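To keep things clear, I will list the structure first and then write my remarks on it.
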Number of protein chains: 2
Amino acid sequence: MADEPPSSLRRALALLDALASDDAVAQGGWGVNRLAAHQGRDKSQVSRTLRILADAGYVERDAESMTYRIGWHVFALAARAADQRLLAAGAPIIRRLVEKDLGERIHLSVLQGNEVLTLLTETPPHAVQTVAWAGRLVPAHNTSSGRALLIDLERDELDRLFAGVRFDVGGPNAPRNIEDLNQRIVLARRRGYATVDEEFEPGLVAAAAPVRDFRGEVIAALNVSAPKFRLGARLPFAGQQIKAAADELSTQLGWDGLRHRSLAARSAVPA
Amino acid sequence: MADEPPSSLRRALALLDALASDDAVAQGGWGVNRLAAHQGRDKSQVSRTLRILADAGYVERDAESMTYRIGWHVFALAARAADQRLLAAGAPIIRRLVEKDLGERIHLSVLQGNEVLTLLTETPPHAVQTVAWAGRLVPAHNTSSGRALLIDLERDELDRLFAGVRFDVGGPNAPRNIEDLNQRIVLARRRGYATVDEEFEPGLVAAAAPVRDFRGEVIAALNVSAPKFRLGARLPFAGQQIKAAADELSTQLGWDGLRHRSLAARSAVPA
DNA sequence: TAGCGGGTTGCATTTTGTGCACCCCCTATT
DNA sequence: AATAGGGGGTGCACAAAATGCAACCCGCTA
């Protein structure tokens, strides 16, 4: 890191960082003086800079306490760029998984209804291929990607999603009904990754883990699949590798590792 | 909205907005020239500003295409910007509304000036959804979410908020002026939920109810929207469902069902 | 009433951002 | 091999914006 010359823009951005600091968040935002002290700047210019940031929606002010916090506009930016970033940040992670960690085929996919749409694929000898938005759909219930994507869903939500879906397709070990599927999802939830063993196709095993965005929502899944004779024995290891990579990708999307939906549901409201 | 005087900071932030635009995202990011043209600025300064933003992590550059896109830092900030309680408690409720109660698209949104910013969107599984609404701004006066968010405002406050806003956009039944809007808000206030019938778009109906925090202040709105031929007949029912869910969410945020805005004004201090 | 914490504004100063011209690099085209 | 054009970066003189100090407003309280 070369020592960056200061600039007004850099100083303005530093204000955002300060407002996103643990202390500032914990205290429900900071006022002009506190912020100026923290940044070692004069309060006047901090006041003026904040007004510009507030006009643009990057910060907002609590009317009563006069404190500033990060504004909704930042949220809007992130939400709109999330998909783009998923692909951009996913590609190198997938490449690394293929080349170094696992040496088997890796996919990045999203949920489309009750099916799984693959966005990125990389096979050991080849390069990353971006499958266009009209890629092939596979079922969600008998694939590891699918179960990773469903990992936060409760039983009743599964009922609704899979109402009318036929479970009599796929490999020999595919789930036979929704309850069966639910139990396998519960297992995946406990372990943090999903596995399938000859469910989608005979002779094929796979592991997958969910990718979460900055809201904690599951938005995609990373998965590895390979012939059972090659990957079968080390499937748990592969699952952990995939989970680690998925968490890394989630982190790059702003996930802080705390907001699980399953947790959010029951932890009501701390001060 | 008064014309804000330009400032270098404002111009820098505008670059971020441009990078989050539909076009830029769809094209995998924009290069310096394209950005400069879009902003009507000289490419030299755009280049320099982007370097600062890149150093700070607010944008990042694709090594091959040389295009910039929104960077990890924005996602990190967004994780803070999202009101954790609102989103954490809101997600499961929205999910339930989609899966069980209504089976149509549900949004959670907040007021941003006189527009509505959508934070969470949940789509029923059968519908093909390509447009991501999260992070998008829509008008407040001709949407049900907007009217739910404005439900506590008095006539004079509406005058101030919508001064200078053009009412000649939207669907066939959109309010034609502020008085018209006010009457529809009064109706929503009496019923506890707002509805629109082909106001925002032809063929679209929607219902929304306000979410209140512990002070009784309206901080968000839950809303359902669907094609008229599907939801039109049971719109009042949907409105009541939405209201029940919004009240439940409000309760989880500490609302006791009694406090209203008049009281909230003087009950100051948040913890 | 004076003092204090917190915030904003006026204004002279100067740092910064700006735009122009120019240069680099790559790749089609002739 | 020469050339044109797209995309991106840099040097420099100039104008504009940020800066910091002091003054001021406001509400609170000792």
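Below, chains carry the letters A, B, ... as their sequence lines are ordered, and counting in each starts from 1. This is a predicted model, so every value here is computed, not measured.
A side-chain donor from one of B:Asn223 and B:Ser144 sits under 3.5 Å from a side-chain acceptor of the other.
When DNA chain D is scanned in the 5' to 3' direction for atoms under 4.0 Å from non-hydrogen atoms of chain A, the outermost contacting nucleotides are D:dA18 to D:dC21.
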Protein N or O to nucleotides 13-22 of chain C N or O, pairs below 3.5 Å:
{"residue": "C:dG17", "atom": "OP1", "partner": "A:Ser8", "partner atom": "OG", "Å": "3.2"}
{"residue": "C:dT18", "atom": "OP1", "partner": "B:Arg11", "partner atom": "NE", "Å": "2.4"}
{"residue": "C:dT18", "atom": "OP1", "partner": "B:Arg11", "partner atom": "NH2", "Å": "3.1"}
{"residue": "C:dT18", "atom": "OP1", "partner": "B:Arg41", "partner atom": "NH1", "Å": "3.3"}
{"residue": "C:dT18", "atom": "OP2", "partner": "B:Gln45", "partner atom": "NE2", "Å": "2.8"}
{"residue": "C:dG19", "atom": "N7", "partner": "B:Ser44", "partner atom": "OG", "Å": "3.1"}
{"residue": "C:dG19", "atom": "O6", "partner": "B:Arg48", "partner atom": "NH2", "Å": "2.5"}
{"residue": "C:dC20", "atom": "N4", "partner": "B:Ser44", "partner atom": "OG", "Å": "3.4"}

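For the pair B:Arg212 and B:Asp247, the salt-bridge criterion is not met [side-chain N within less than 4.0 Å of a carboxylate O]. Using a cut-off of 4.0 Å between Lys/Arg side-chain N and Asp/Glu carboxylate O, B:Asp152 and B:Arg189 are scored as not salt-bridged. A salt bridge does not link B:Arg184 to B:Glu179: none of the charged side-chain nitrogens sits closer than 4.0 Å to a carboxylate oxygen.
Judged by distance alone, the side chain of B:Gln252 and the main-chain N or O of B:Leu249 form no donor-acceptor pair under 3.5 Å.
The ring pair (Phe, Tyr, Trp, His ring centres under 6.0 Å) contacts involving residues 47-71 of chain A comprise A:Tyr58-A:His73, where partners must be two or more places apart or lie in separate chains.
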Legend entry - salt bridge (charged side-chain N to carboxylate O under 4.0 Å, His left out) between B:Asp159 and B:Arg155, intermediate numbers included: CA-CA 6 Å; B:Asp159 284 340; B:Arg155 173 61 206 260; 3.1 Å; yes
Inset, instruction - I would like to know whether A:Arg105 and A:Glu122 meet salt bridge (charged side-chain N to carboxylate O under 4.0 Å, His left out); could you show each step before the answer? - result: CA-CA 6 Å; A:Arg105 182 178 210 122; A:Glu122 178 158 349; over 6 Å; no
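OP1 and OP2 of C:dG6 both lie 4.0 Å or more from every side-chain N or O belonging to A:Arg61. Look at A:Arg51 and you'll find a side-chain N or O under 4.0 angstrom from OP1 or OP2 of C:dT9.
Going from atom CG of A:Asn33 over to atom C1' of C:dT8 covers 11 Å, rounded to whole Å. Between A:Leu50 atom CG and C:dG7 atom P there is a gap of 10 Å when expressed in whole angstrom units.
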What donor-acceptor contacts under 3.5 angstrom involve side-chain atoms of residues 20-32 of chain B, with partners at least two apart or in another chain?
{"residue": "B:Ser21", "atom": "OG", "partner": "B:Ala18", "partner atom": "O", "Å": "2.7"}
{"residue": "B:Ser21", "atom": "OG", "partner": "B:Ala24", "partner atom": "N", "Å": "3.3"}
{"residue": "B:Asp22", "atom": "OD1", "partner": "A:Arg80", "partner atom": "NH2", "Å": "2.9"}
{"residue": "B:Asp22", "atom": "OD1", "partner": "B:Arg136", "partner atom": "NH2", "Å": "3.4"}
{"residue": "B:Gln27", "atom": "OE1", "partner": "B:Trp30", "partner atom": "NE1", "Å": "3.2"}

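Take A:Gln45 and apply the side chain to side chain donor-acceptor pair (under 3.5 Å) test, not counting sequence neighbours, and it matches A:Arg48.
From one end of the helix from C:dT1-D:dA30 to C:dT30-D:dA1 to the other, with five pairs defining each end axis, the axis direction shifts by 10° (rounded to 10°).
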